[in-house]
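Structure first, then comments.
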Amino acid sequence: MNWKKLTMKLLLALSILSIIIPILSMILWSFTNNYIWPDIMPTNFGVRGWEYVIQNSDRVIHTLKNSIFISLMTTIITIAISIPCAKALAFENFKGKKFVEMLVFSPVIIPPVSIGMGLNIEFIKMGLAGTYLGIILVSIVPCIPYAVNMIKDVFLITGRGYIDQAYTLGASKKEVFLKIVAPMIMPGVISAAMMCYIVSFSQYFLVYLIGGGKIITFTMEMFPFIQSGDRMLGSVYGLIFIASTIVLLIAMEYIMKKMYKNELEDYKYI
């Protein structure tokens, strides 16, 4: 018996179950009025949560649009910033490199409350508080460490051999990026974009603080039901949250792969 393969299969099965079981639990709770101990399964079912969402569909759709717009813009800007930053950290040696690395990863170490309060004061002075631009900018902060780290790892794995060869053969910077760099880092970019979208879509405190309650996102709409203990409505919103995120992530991956389809095909034959 191959214990290594058996262990890997067991870990894979446990990982899948750890994702499926909570979702199944949320589906069950979304139709459950009361779930009283010691009942193994609930006996009092209802559709109050779904009725509430349907009755308030305009508000739900509006907040969902806000979250999708903010998350997409955050993802695009974060990726645009992270690619040159990751390339520099992966390949270049410059004075203060360690400080830049610490600065990039500082949002993971510094508590969000400290970051949010400091940025809120500055955003109020600049007139960005309570605006979509302000929320997008503050949402970039927790996304940068993930994006830079993931794209930097791809640069380190692929190396810069093809890039140097392309420059030696007379390729321009634009040609090198489109024909060499973009296809090489595309898997990392897609993964980083997905992570940025999820992190941005899930933000509550920073969005609430900078938005000042003027711009309501889906997470802000959902959080009070979870906090109040209304598990039915919390589960309904949670399921919508998961469904909308999965659909957007699949669409994002499809679009990004479509955009660079020709470059990926060219890279296979290099």
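At least one side-chain heavy atom of Tyr197 sits under 4.5 Å from a side-chain heavy atom of Ile68. The shortest side-chain heavy-atom distance between Tyr208 and Phe223 does not fall under the 4.5 Å cut-off. Side-chain contact between Ser139 and Leu206 is absent, with no heavy-atom pair separated by less than 4.5 Å. Here the side chains of Thr217 and Thr63 are not in contact, with every heavy-atom distance at 4.5 Å or above. The shortest distance between side-chain heavy atoms of Met220 and Tyr204 falls below 4.5 Å. Taking 4.5 Å as the limit, every side-chain heavy atom of Cys196 sits out of range of all side-chain heavy atoms of Thr74. Taking 4.5 Å as the limit, some side-chain heavy atom of Ser172 sits within range of a side-chain heavy atom of Glu175. Within the 4.5 Å cutoff, the side chain of Leu6 has no heavy atoms near those of the Leu10 side chain.
When all heavy atoms of Ile83 and Phe155 are compared, the pair lying nearest together is O-CE1, 3.8 Å. For the residue pair Ile115 and Pro107, the shortest heavy atom distance occurs at CD1-CA, 3.8 Å. For Ser244 against Leu64, the heavy-atom pair with the smallest separation is OG-CD1, 3.9 Å. Minimum interatomic distance between Thr219 and Ser202 (heavy atoms only, all atoms of both residues): CG2-O, 3.8 Å. Considering every non-hydrogen atom in both Trp29 and Ser235, the closest pair reads CB-OG, 3.1 Å. The minimum heavy-atom distance linking Lys152 with Ala90 is given by the pair CG-CB, 3.8 Å.
Ring-plane geometry between Tyr132 and Phe69 is classed as perpendicular, the angle between the planes exceeding 60 degrees on a 0 to 90 degree scale with a lower cut at 30. Below 30°, between 30° and 60°, or above 60°: for Phe218 and Tyr237 the angle between ring planes is between 30° and 60°, a tilted geometry.
Connection of Phe123 to Ile77 is established within a shared hydrophobic cluster, with ILVMFWY side chains joined at heavy-atom distances below 4.5 Å, either directly or through further cluster members. Using a 4.5 Å cut-off between side-chain heavy atoms of Ile, Leu, Val, Met, Phe, Trp and Tyr, with links allowed through other members, Trp50 and Ile23 fall into the same hydrophobic cluster. Following chains of ILVMFWY side-chain contacts shorter than 4.5 Å, one cannot reach Val108 starting from Ile140, and the two form parts of different hydrophobic clusters. Hydrophobic clustering (ILVMFWY, side-chain heavy atoms < 4.5 Å, transitive): Val148 and Leu103 are in distinct clusters. Taking hydrophobic clusters as Ile, Leu, Val, Met, Phe, Trp and Tyr residues chained together by side-chain heavy-atom distances below 4.5 Å, Phe205 shares a cluster with Ile216.
Taking CG from Leu248 and CD1 from Ile198, the interatomic distance works out to 11.0 Å, rounded to the nearest 0.5 Å. Note: Asp153 CG to Leu89 CG = 11.0 Å, rounded to the nearest 0.5 Å. To the nearest 0.5 angstrom, Ile135 atom CD1 is 10.5 Å from Lys214 atom NZ. Here the straight-line distance linking atom CD1 of Ile21 with atom CD1 of Ile19 works out to 11.0 Å at 0.5 Å rounding. Between Ser15 atom OG and Ile20 atom CD1 the span is 11.0 Å, to the nearest 0.5 Å. Note that the CE atom of Met222 and the OG atom of Ser67 stand 9.0 Å from one another [nearest 0.5 Å].
Atom CE of Met102 has 12 or fewer neighbouring heavy atoms from other residues, nucleotides or ligands inside a 6.0 Å radius. The environment of CZ in Phe94 is crowded: more than 12 heavy-atom neighbours from other residues, nucleotides or ligands sit within 6.0 Å. Annotation: Met195, atom CE; neighbour count of heavy atoms from other residues, nucleotides and ligands within 6.0 Å does not exceed 12.
In terms of modelled atom types and a separation under 3.5 Å, the side chain of Ser191 and the main chain of Pro187 share a donor-acceptor contact. No donor-acceptor distance shorter than 3.5 angstrom exists from the side chain of Ser114 to the backbone of Ile110, with no hydrogens or angles considered. A donor-acceptor pair under 3.5 Å links the side-chain atoms of Lys97 to the main chain of Glu92, judged by distance alone.
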Pair Tyr167-Val176, side-chain contact (heavy atoms from CB on, under 4.5 Å): steps then yes or no: CA-CA 7 Å; Tyr167 281 127; Val176 169; 3.7 Å; yes
Between Tyr146 and Phe105, does the ring pair (Phe, Tyr, Trp, His ring centres under 6.0 Å) criterion hold? Intermediate values first, please. CA-CA 8 Å; Tyr146 299 102; Phe105 297 112; 9.3 Å; no
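Of the candidates Val236, Leu233, Val60, Leu233 is the only one forming a side chain to side chain contact (heavy atoms under 4.5 Å, CB included) with Tyr52.
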